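A short write-up of the structure that comes next.
Note that this is a predicted model, so its numbers are computed, not measured.
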Amino acid sequence: MTGSGEFAVEERDWNPSVRAGWFAMAGAPPRTRPPALSAEQIAALPPAGRCRYDAARAIWHANLGPIRTPQVDAVFEALEEICGSNRQDGEKVRPAAVLDALPGLGKTTAALAFGRWFHREQIGLHGPDVETGDGSWQRIPVVYLGLTSHTTMRSLNAVLCRFYGLPERGNADLLAHRAAECVTNCKTRLIIVDDVHFLDVTRRDGREVANHFKWLANVFPVTFVFVGVGLRARGLLDEGLAGPDAAYSQTARRWNVLTLDPFEIRTKAGQRTWQQLLLGVERDLVLARSWHGMIAADLAGYLFARSSGHFASLMSLISRGCYRAVRTGAESLTAALLDSVRIDQAAEDARGQLQAAIGTGVLRSPSRDRAPAADRQGAA
């Protein structure tokens, strides 16, 4: 019998917006998958062991992945190409990348995953330290920053200093030059700026921050990756200029726009991609009464209707569904169980229309959703 001490309950509460948290995330090994136990083995566990096993599965299901979808693969390839070719000398501006997509498609997840890969690649290539004539600096290949709705030039520079663990006293210029020294000495090569959609370039402070990014790109020998929702529509690429004046925007010439598209099932290729994603998710689930095809075949159309093809909505539904399946003892995912699980409002609003479209044949389901056959239950 598996002992209760063998179930690792590991919660990783790091903050990637500070150096210690980023290094903890970038250097963390993959989680250990909880062992797959039968319903009988779970019932035989002592109470403490059962609690630890269920907690370990809840954490595992909440952190499935990373799952490399075709959309994420395309973003990775483009970012690797941009960063790999950005080897310009210090006096030259390096082009930036923009990951601009709708909410819930995994923009931040993809950006963090790429940053983690780039961090490890740089450490492996150059080592953990930067040698100087009188000592060494810690190599910090990647910086991750998150903007807020009240970001100003000074607060942006303060957040950058906070990542490096530098003092946050002083005006905007002093903080910027303090951070620039660290960027140079620590050989930072990638700065990920998340939630850029908070910048309102129709306001003075928003334009100042947007222009400040251009100055940082001129001064810092790094590739910037800006992540947000509707950045082009919000005028960030044309710097708030309109009409003929938009031609004078430097940003549109320096930023390379990438995107993540929602999944779709209107085409055969889209249906195959959706099922491949579900197969990848299904393989990672740890439920005692799961079976091959439980979600990839039996629930493919249902899950698309519930998530509207948005990755974040899908993973929330799967995670919460697994939690309910464990808590109720069902130990499997079915449409009946998932019907009682609510997720984000946008997905719930779209659910009725998509289910009707699939039911009437306007949208073709990747598979025929059906009730699980009794002989499939209990199969690993």
Is there a side-chain contact (heavy atoms from CB on, under 4.5 Å) between N171 and R154? Walk through the geometry before answering.
CA-CA 7 Å; N171 59 29; R154 189 192 178 283; 5.7 Å; no
For R169, is the CZ atom crowded, meaning more than 12 foreign heavy atoms sit under 6.0 Å from it?
no
With E331, which residues qualify under salt bridge (Lys or Arg N to Asp or Glu O under 4.0 Å), at least two apart?
R57
For the residue pair R50 and I42, establish whether any side-chain heavy-atom pair is separated by less than 4.5 Å.
yes
Using a 3.5 Å distance criterion without hydrogens, assess whether the side chain of S319 forms a donor-acceptor pair with backbone atoms of M315.
no
With hydrophobic residues grouped by side-chain heavy-atom distances under 4.5 Å, do V209 and V229 end up in a single group?
no
What is the distance from atom CH2 of W291 to atom CG of L333, rounded to the nearest 0.5 Å?
8.0 Å
Hey, any chance V257 and F76 share a hydrophobic cluster, counting ILVMFWY side chains that come within less than 4.5 Å of each other, even indirectly?
yes
I'd like to know if the side chain of R178 and the backbone of P167 have a donor-acceptor N/O pair within less than 3.5 Å.
yes
How many angstroms lie between CG in L338 and CG in L317, if you round to the nearest 0.5 Å?
5.0 Å
With distance as the sole test, does Q71 use its side chain to make a donor-acceptor pair with the main-chain N or O of L260 at under 3.5 Å?
no
Shortest non-hydrogen pair, A78 vs L258, comes out as CB-CD2, 3.7 Å
Quick check: does any side chain N or O of E264 sit under 3.5 Å from a backbone N or O of G309, one acting as donor and the other as acceptor?
no
Are V130 and V143 linked, directly or through other ILVMFWY residues, by side chains that come within less than 4.5 angstrom of each other?
no
Quick one: are L278 and F263 in side-chain contact, heavy atoms under 4.5 Å?
no
What's the separation between atom CD in E282 and atom CG in D298, rounded to the nearest 0.5 Å?
8.5 Å
Would you say E77 has more than 12 foreign heavy atoms packed within less than 6.0 Å of its CD?
no
Within the structure provided, determine whether L79 and L190 are in side-chain contact (heavy-atom separation under 4.5 Å).
no
I318-L337 co-clustered via ILVMFWY side chain contacts under 4.5 Å:
yes
Sidechain-backbone polar pair: T184 side chain, E181 backbone, donor-acceptor under 3.5 Å
no
Are V196 and I82 connected, step by step, through hydrophobic side chains (Ile, Leu, Val, Met, Phe, Trp, Tyr) whose heavy atoms are closer than 4.5 Å?
no
Does CZ belonging to R203 count more than 12 external heavy atoms closer than 6.0 Å?
no
Please determine, by modelled atom types, if Y302 and R306 share a side-chain donor-acceptor pair under 3.5 angstrom.
yes
Any side-chain heavy atom of I140 within less than 4.5 Å of one from W22?
no
Shortest non-hydrogen separation from H212 to A176 and the atoms involved
CE1-CB, 4.4 Å
Mind listing the closest non-hydrogen atom pair of A296 and L279 along with its distance?
CB-CD2, 3.5 Å
May I ask you to decide if the ring planes of F226 and W255 are parallel, tilted or perpendicular, using 30° and 60° as cut-offs?
parallel
So do R94 and V222 actually touch side chain to side chain, heavy atoms under 4.5 Å?
no
Determine the minimum heavy-atom distance between A288 and S38, stating which atoms define it.
CB-C, 3.9 Å
Side-chain donor/acceptor of R31 to backbone N/O of L64, under 3.5 Å
no
Check whether any side-chain N or O of D100 sits under 3.5 Å from a backbone N or O of G230 as a donor-acceptor pair, and report yes or no.
yes
Nearest-0.5 Å distance, CZ of residue R342 to OG of residue S316:
13.0 Å
Judged by atom type as modelled, is there a donor-acceptor pair below 3.5 Å linking the side chain of R139 to the main-chain atoms of I123?
no
What orientation do F220 and F224 show, parallel under 30°, tilted 30 to 60°, or perpendicular over 60°?
parallel
Taking the side chain as C-beta and beyond, is there a heavy-atom pair between Y53 and L45 under 4.5 Å?
yes
Between R189 and P221, is there a side-chain heavy-atom distance shorter than 4.5 Å?
yes
Which distance, rounded to the nearest 0.5 Å, do you find between the CD of Q122 and the OG1 of T188?
10.0 Å
Quick one: are P95 and Q88 in side-chain contact, heavy atoms under 4.5 Å?
yes
Report the C-alpha distance between L199 and F213 in whole Å, list the side-chain angles of each, state the deciding distance to 0.1 Å, and finish with yes or no for side-chain contact (heavy atoms from CB on, under 4.5 Å).
CA-CA 11 Å; L199 292 183; F213 278 130; 3.8 Å; yes
Can you pull out every ring pair (Phe, Tyr, Trp, His ring centres under 6.0 Å) where at least one residue sits in residues 136-182? Sequence neighbours excluded, please.
H177-W215
Can you tell me how far OG of S308 sits from CG of L314, rounded to the nearest 0.5 angstrom?
10.0 Å
So, for I343 and R320, which heavy atoms are closest and what is the spacing to 0.1 Å?
CA-NH1, 3.5 Å
When you look at I59 and E10, which way does the side-chain contact (heavy atoms from CB on, under 4.5 Å) test go after all the steps?
CA-CA 7 Å; I59 293 171; E10 180 187 6; 5.7 Å; no
Has the side chain of S85 got a donor or acceptor atom that lies under 3.5 Å from a matching backbone atom of E81?
yes
Any donor-acceptor pair under 3.5 Å from R116 side chain to A28 backbone
yes
Can you list the steps and then say if F311 with L277 is a side-chain contact (heavy atoms from CB on, under 4.5 Å)?
CA-CA 10 Å; F311 184 77; L277 168 65; 3.9 Å; yes
Minimum heavy-atom separation for D261 and L105, please, with both atom names.
C-CD1, 4.1 Å
